[in-house]
Visitor: 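Before we start, here is the structure in question, set down as structure tokens.
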Amino acid sequence: MTAGVTGYFRFTDIFFEWHQALPNKEDIGPLKALISYDALVHPDHPLREQGVDGIEMYLGTFANGEMRLLMSSAQIEYMRYWLHAVGLTDSLIPLPASDWMIRPSELANCSPCVYREASVLKKAIKTIDKNNKKLKFAPSLLTNRRLNFERIRTFWAERVGTWCAMDFEAWERDHHVLTEFGWSLVRWEGNEDEQNEITEEGHLTIREHRGFFNGTYVDDNRDKFGFGESEEVDKKTFRKRILDLIETHRQAGPLFLIFHDNKQDIKYLRSDTIQALTEFEYLLPDQAPTSGIYIIDTAELFAALEGESGGNKRSLERGCRLLQLPTEYLHNAGNDAHYTMAVLRSMASGDPLDVQREKRWPNRTTSSNPKVEFKAWEEDSDMSDLEGVMPVDADAQPGNDDVTWNGFDM
């Protein structure tokens, strides 16, 4: 139902107001039945798209960070015509009031979201309203992080370009001495009807720097790449492989370079040793790009998800633990790239931010504080062996439909 979209309408306006405003009272019943929660999520609803398991709506984000659940103008038009075509209304019912329409230009971001159950749809509306109230007191940095989070979800859902997580390792006593490079990428091949996901992982070490070992400040896991075979190459080949990787995928379309806390890695890419990155953007465009290189930082993404409004960002290890992504042999560049991609995929392929946060860590925020309050066993690395065993909520028990287990709906 995306074709012919000229704008969007707040779902609450459609659900509560549209049918009440109809001049012909006989039309109220059919429209009200069609837009009821149970009807919208039913497999036979006329808005059900082929291949979509549920009703597809849109989460619109305004520049101030406020969100609204939306229906497109194309969906509204289709429902009018369907009601008339099947004989439930004598004529086309009037469109919703024009001042209800939200133009795409009024939104900072608009991403699709799918609901399969009436209860989930109801809860989503309450959650959005509750979080809009919290954000009235949130600093602008958090608002910007939230906007970026939803843009990334949108671009990932549209399968735009190539997404490549990267990581470097250097000698702990002199960070100018690079020892490793790792990457993990995702791209898609095919047409709109059928796209195949292509993945690739790799790990390079520098032959000339083989004698530079870590172990005092960080673990030396150079020989413990867990997702393929490491390649030992000379410095010249090391640089060329990185240049070729970036150039190949940049030419194919937009390239999203993914880092976890990107400052040091970007310095390496721009250094005299590598010289692989010149033109790039930190800010994502409003619409999916067709070219260019864009920087994505999973530490910033996680900060948006947990509601962090300051500079306290999680390490890759801590972020993986809180997302319940098991890790092994960090501080190997290939492994770190793999886990950075796993963090990105976990968040970008998930529900809208507020819904995702509530599923992972239910009831951890308050009306005055949008930041998640983590449990001690989640924060303490010494208790990490209990992950996957202890419930997120102390009162949660498996089999209780009203709670979640390990942060996800069962």
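It should be emphasised that the depicted structure is a prediction, and the values quoted were computed from it without experimental measurement.
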Visitor: Set out, in order, the CA-CA distance, both residues' side-chain angles and the distance that settles side-chain contact (heavy atoms from CB on, under 4.5 Å) for Thr365 and Glu358, then state yes or no.
Guide: CA-CA 9 Å; Thr365 60; Glu358 285 299 308; 4.0 Å; yes
Visitor: May I ask you to decide whether Arg80 forms a salt bridge with Glu77, counting only side-chain N to carboxylate O separations under 4.0 Å?
Guide: yes
Visitor: Assess the pair Trp100 and Phe9: is the distance between their ring centroids shorter than 6.0 Å?
Guide: no
Visitor: Taking the side chain as every heavy atom from C-beta outward, state whether Trp183 and Thr340 have any pair of such atoms under 4.5 Å apart.
Guide: no
Visitor: Between Arg360 and Glu306, is the closest basic N to carboxylate O distance under 4.0 Å?
Guide: no
Visitor: Say whether, by atom type as modelled, one donor and one acceptor occur between the side chain of Asp265 and the main chain of Phe168 under 3.5 angstrom.
Guide: yes
Visitor: So does Arg68 pair up with Glu66, basic N to acidic O under 4.0 Å?
Guide: yes
Visitor: State yes or no: are the ring centers of Phe15 and Tyr37 separated by less than 6.0 Å?
Guide: yes
Visitor: Is Lys240 salt-bridged to Asp244, cutoff N-O under 4.0 Å?
Guide: yes
Visitor: Could Arg146 and Asp354 be called an ion pair, given the rule that one side-chain N must be under 4.0 Å from one carboxylate O?
Guide: yes
Visitor: What residues, two or more places apart in sequence or in another chain, satisfy side-chain hydrogen bond (donor to acceptor under 3.5 Å, both in side chains) together with Thr143?
Guide: none
Visitor: Between Glu197 and Arg159, is there a salt bridge with N-O shorter than 4.0 Å?
Guide: no
Visitor: Check for me whether the distance between the ring centres of Phe212 and His209 falls short of 6.0 Å.
Guide: yes
Visitor: Between Arg145 and Glu300, does any side-chain N to carboxylate O distance fall below 4.0 Å?
Guide: yes
Visitor: Give a yes or no on this: more than 12 heavy atoms of other residues, nucleotides or ligands lie within 6.0 Å of atom CD of Glu247.
Guide: yes
Visitor: Strictly below 4.0 Å, N to O, side chains only: are Lys236 and Asp234 in salt-bridge contact?
Guide: no
